[in-house]
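Okay, so here's the structure we're looking at.
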Amino acid sequence: MKRRYIDIITDNIIPSNNTYFATQLTKWYQQHQRILPWRATKDPYKIWLSEIILQQTRVAQGLPYYNRFIEQYPTIYDLAAASETEVLRLWQGLGYYTRARNLHACARTVVNQFQGQFPNNYKELLTLPGIGPYTAAAIASIAFKEAVPVVDGNVYRVLSRIFNIEVPINTNKGKHIFNELAQRLIDLTAPDVYNQAIMDFGAIQCTPVKPICISCIFNTSCLAFVMGKQNQLPIKLPNIKSKKRFFHYIIIEIGDELLMSLRKEGDIWAGLYDFYLIEGDKLNEFEQLTDELVDLIKRHQLPIEKKPKLYKHMLTHRTLYALFFRVVATAAFMKEAQVLFKNSEINSFSPESIKLLPKPKLICNFLEEFVYI
DNA sequence: AAAGCGGGGTC
DNA sequence: GACCCAGCTTT
């Protein structure tokens with residue numbers, strides 16, 4: 001009988017139907033598990049919400065957001081009935097805002113096409129917006145006890161160390177091997193407990209830096225620890241270098257209102273509000289900016305106030321440098337400026353209404369520092 | 001396969 | 001500064 005390549009590799013790591021790992025892990029979990037609000041329920045809505053919030057996000061950072069979302073939207077019907085802007089405002093500060101837009105879209109899909117009930121299996125869950133392989137496995141196993149393994153950052157780390165797997169985790173081959181191994185290790189009778197156990201184990205014991213090997217239940221069988229290389233695993237191909245972007249914001253004041261701009265899809269902060277933005281390949285003074293609105297401001301001879309602070313805003317793969325220029329508009333200026341805004345969503349907002357708009361952290365920082373709201 | 005997408009914590 | 005976090009989507 002022909003054996004698949006993947007079986008030969010994983011057979012070499014661990015025989016199929018091995019239960020030692022799951023048994024030990026579950027025993028550890030019963031003593032050390034974290035008490036988290038989404039664990040006190042089997043409501044797929046709450047489990048789904050927690051999983052979306054926790055994508056690339058630490059529990060400590062996501063927890064207050066989870067509580068606010070449950071308070072604001074106790075059921076999926078409440079979430080589906082909200083506006084996308086309202087959902088983004090509640091998501092403000094958490095980052096990766098596509099998650100919030102997909103969260104909202106998914107709620108509406110479940111309400112409109114699934115009668116308000118989440119599909120109860122991995123394959124169907126995978127078709128919903130914002131639900132990928134990890135999240136589908138988490139919901140299917142935790143809410144519906146389907147025996148599909150979760151493979152997240154914790155699982156890559158725990159398995160790569162215990163079984164000394166040196167295949168890079170951010171490659172298709174790596175993903176395939178870790179998935180295959182995880183499928184062999186999962187407790188088929190309690191996949192919900194097992195999946196949460198391995199993630200808690202990664203978060204509490206087998207941490208990214210300085211894992212607590214001294215008290216680890218696997219410290220006699222963990223191949224990485226035995227070889228003293230737990231800090232070298234998992235292997236990850238190097239990330240791309242961080243690129244710089246240079247933002248020049250023009251803040252246009254009309255009376256006590258400010259012009260705010262709704263950011264479009266296809267760039268960072270889609271769906272959030274900032275100011276009129278001129279991007280360049282370097283930082284420029286106002287006079288050097290080549291832009292229609294700048295020309296208009298010059299023609300009307302409106303005074304420019306350059307804010308003294310240069311903002312340096314670090315994202316994972318971007319470093320943003322931002323300068324802010326303030327202009328007090330006249331009626332004549334605005335009449336001409338409206339023409340330039342015809343293809344954008346730029347409107348004036350009072351300080352009170354600006355508070356309610358979803359905004360990037362950079363813009364929040366600026367507004368706070370210059371006491372605009 | 002590679003790139004884009006946030007913000008915060010930690011060393 | 002580098003790395004990581006209960007990853008997903010698009011190209």
Side-chain angles (χ1 to χ4, degrees), chain A residues 33-34 36 38-39 47-66 88 91-103 105-106 125-142 149-158 168-176 178-179 182 192 194-204 206-211 231-243 245 263 265-272 274 312-320 358-365:
Chain A
Q33 65 174 289
R34 294 175 287 186
L36 300 168
W38 49 87
R39 289 200 174 143
I47 292 166
W48 162 71
L49 174 63
S50 74
E51 295 300 342
I52 303 298
I53 287 175
L54 292 174
Q55 287 167 5
Q56 295 290 283
T57 304
R58 291 168 196 279
V59 168
Q61 189 187 1
L63 189 51
Y65 284 86
Y66 173 85
L88 279 168
W91 197 272
Q92 178 176 292
L94 198 53
Y96 284 154
Y97 296 93
T98 301
R99 288 186 293 170
R101 292 151 60 86
N102 281 335
L103 183 83
C106 183
L125 285 164
L126 208 46
T127 67
L128 293 168
I131 298 185
Y134 163 77
T135 306
I139 300 172
S141 62
I142 299 170
V150 294
V151 183
D152 72 336
N154 290 306
V155 175
Y156 283 122
R157 190 167 59 251
V158 171
I169 61 174
N170 52 345
T171 60
N172 284 345
K173 183 179 177 185
K175 287 173 188 158
H176 194 181
F178 280 92
N179 263 298
D192 51 342
Y194 169 87
N195 275 339
Q196 296 186 82
I198 192 167
M199 290 192 286
D200 260 20
F201 185 78
I204 296 170
C206 196
T207 51
V209 291
K210 293 191 176 180
N231 293 319
Q232 274 74 264
L233 290 170
I235 305 282
K236 200 172 179 182
L237 264 35
N239 294 327
I240 58 165
K241 244 183 65 178
S242 178
K243 294 175 185 167
R245 293 180 72 174
R263 293 186 60 83
E265 287 187 57
D267 197 359
I268 59 171
W269 302 327
L272 278 63
D274 60 358
K312 184 180 180 183
H313 191 73
M314 312 274 294
L315 305 176
T316 299
H317 293 307
R318 295 287 178 273
T319 301
L320 309 180
K359 301 170 292 294
K361 192 68 169 68
L362 170 66
I363 301 302
C364 291
N365 289 347

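The sequence lines fix the lettering, A, B, ..., with proteins before strands; numbering per chain opens at 1. Note that the structure is predicted; figures quoted are calculated from it, not measured.
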For [X], give me all partners under side chain to side chain contact (heavy atoms under 4.5 Å, CB included), at least two apart in sequence or on another chain.
X: A:Ala105; value: A:Pro129
X: A:Ala138; value: A:Glu51, A:Tyr134, A:Ile142, A:Val150
X: A:Pro211; value: A:Arg161, A:Thr207, A:Cys213, A:Gln230, A:Asn231

Near-strand residues of residues 94-103 of chain A, defined as heavy-atom separation under 4.0 angstrom from DNA chain B: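 Going residue by residue through residues 94-103 of chain A, the ones with a heavy atom under 4.0 Å of DNA chain B turn out to be A:Leu94, A:Gly95, A:Tyr96, A:Tyr97, A:Arg99.
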
Do we see a donor-acceptor contact under 3.5 Å between the side chains of A:Gln55 and A:Arg99?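 Short answer, no.
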
Looking only at the side chains, is there a donor atom on one of A:Lys175 and A:Asn179 sitting less than 3.5 Å from an acceptor on the other?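 No pair is found: no donor N or O on one side chain lies under 3.5 Å from an acceptor on the other.
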
Round to a whole Å and report the spacing from [atom1] of [X] to [atom2] of [N].
X: A:Asp152; N: C:dC5; atom1: CG; atom2: P; result: 8 Å
X: A:Ile131; N: C:dA6; atom1: CD1; atom2: C1'; result: 14 Å
X: A:Ile198; N: C:dA6; atom1: CD1; atom2: C1'; result: 12 Å
X: A:Met199; N: C:dC5; atom1: CE; atom2: C1'; result: 13 Å
X: A:Gln61; N: C:dA6; atom1: CD; atom2: C1'; result: 13 Å
X: A:Asp200; N: C:dC5; atom1: CG; atom2: P; result: 14 Å
X: A:Lys175; N: C:dC8; atom1: NZ; atom2: C1'; result: 10 Å
X: A:Trp91; N: C:dG7; atom1: CH2; atom2: P; result: 12 Å

[atom1] atoms of [N] and [M], separation to the nearest Å:
N: C:dC4; M: B:dC5; atom1: C1'; result: 16 Å
N: B:dG8; M: C:dC8; atom1: P; result: 22 Å
N: B:dG7; M: C:dT10; atom1: C1'; result: 22 Å
N: B:dG6; M: C:dC3; atom1: C1'; result: 15 Å

Rounded distance [0.5 Å steps], CD1 in A:Ile47 versus CD1 in A:Ile52: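 So the gap between those two atoms works out to 12.5 Å.
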
Opening and closing nucleotides of DNA chain B in contact with chain A, under 4.0 Å to non-hydrogen atoms: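 First and last nucleotides in contact are B:dA1 to B:dG9.
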
Heteroatom pairs (N/O) under 3.5 angstrom, protein to nucleotides 2-4 of chain C:
from: C:dC4; atom 1: O2; to: A:Arg58; atom 2: NH2; distance (Å): 2.8

Tell me every residue that passes salt bridge (Lys or Arg N to Asp or Glu O under 4.0 Å) with A:Arg34, counting only those two or more places apart in sequence or in another chain.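 Scan of A:Arg34 (salt bridge (Lys or Arg N to Asp or Glu O under 4.0 Å), adjacent residues dropped) gives A:Asp200.
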
Among all residues two or more places apart in sequence or in another chain, which pass the salt bridge (Lys or Arg N to Asp or Glu O under 4.0 Å) test with A:Asp274?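 For A:Asp274 the salt bridge (Lys or Arg N to Asp or Glu O under 4.0 Å) partners, ignoring immediate neighbours, are A:Arg263.
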
Residues two or more places apart in sequence or in another chain: which of them pass side chain to side chain donor-acceptor pair (under 3.5 Å) with [X]?
X: A:Asn102; answer: none
X: A:Arg318; answer: none
X: A:Thr98; answer: none
X: A:Ser50; answer: none

Hey, which of these two, A:Lys361 or A:Asn170, hits DNA chain B nearer its 5' end, going by closest nucleotide?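 So the residue in question is A:Asn170.
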
Tell me which of A:His313 and A:Asn172 sits closer to the 5' end of DNA chain B, going by the nucleotide each one is nearest to.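 Residue closer to the 5' terminus by nearest nucleotide: A:Asn172.
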
Below the 4.0 Å mark, does C:dG7 have OP1 or OP2 next to a side-chain nitrogen or oxygen of A:Gln56?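 It does, given that an N or O in the side chain of A:Gln56 lies less than 4.0 Å from OP1 or OP2 of C:dG7.
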
Touch check for [X], heavy atoms < 4.0 angstrom, all strands: base, sugar-phosphate only, or nothing?
X: A:Gly202; answer: nothing
X: A:Lys243; answer: sugar-phosphate
X: A:Asp267; answer: sugar-phosphate
X: A:Thr135; answer: sugar-phosphate

Between A:Tyr134 and A:Gly130, which is nearer to the 5' end of DNA chain C once each is assigned its nearest nucleotide?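 Its nearest nucleotide lies further toward 5', so the answer is A:Tyr134.
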
Polar side-chain atom of A:Glu265 near backbone of A:Ala270 as donor-acceptor pair, under 3.5 Å: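 Such a contact is absent between A:Glu265 side chain and A:Ala270 backbone.
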
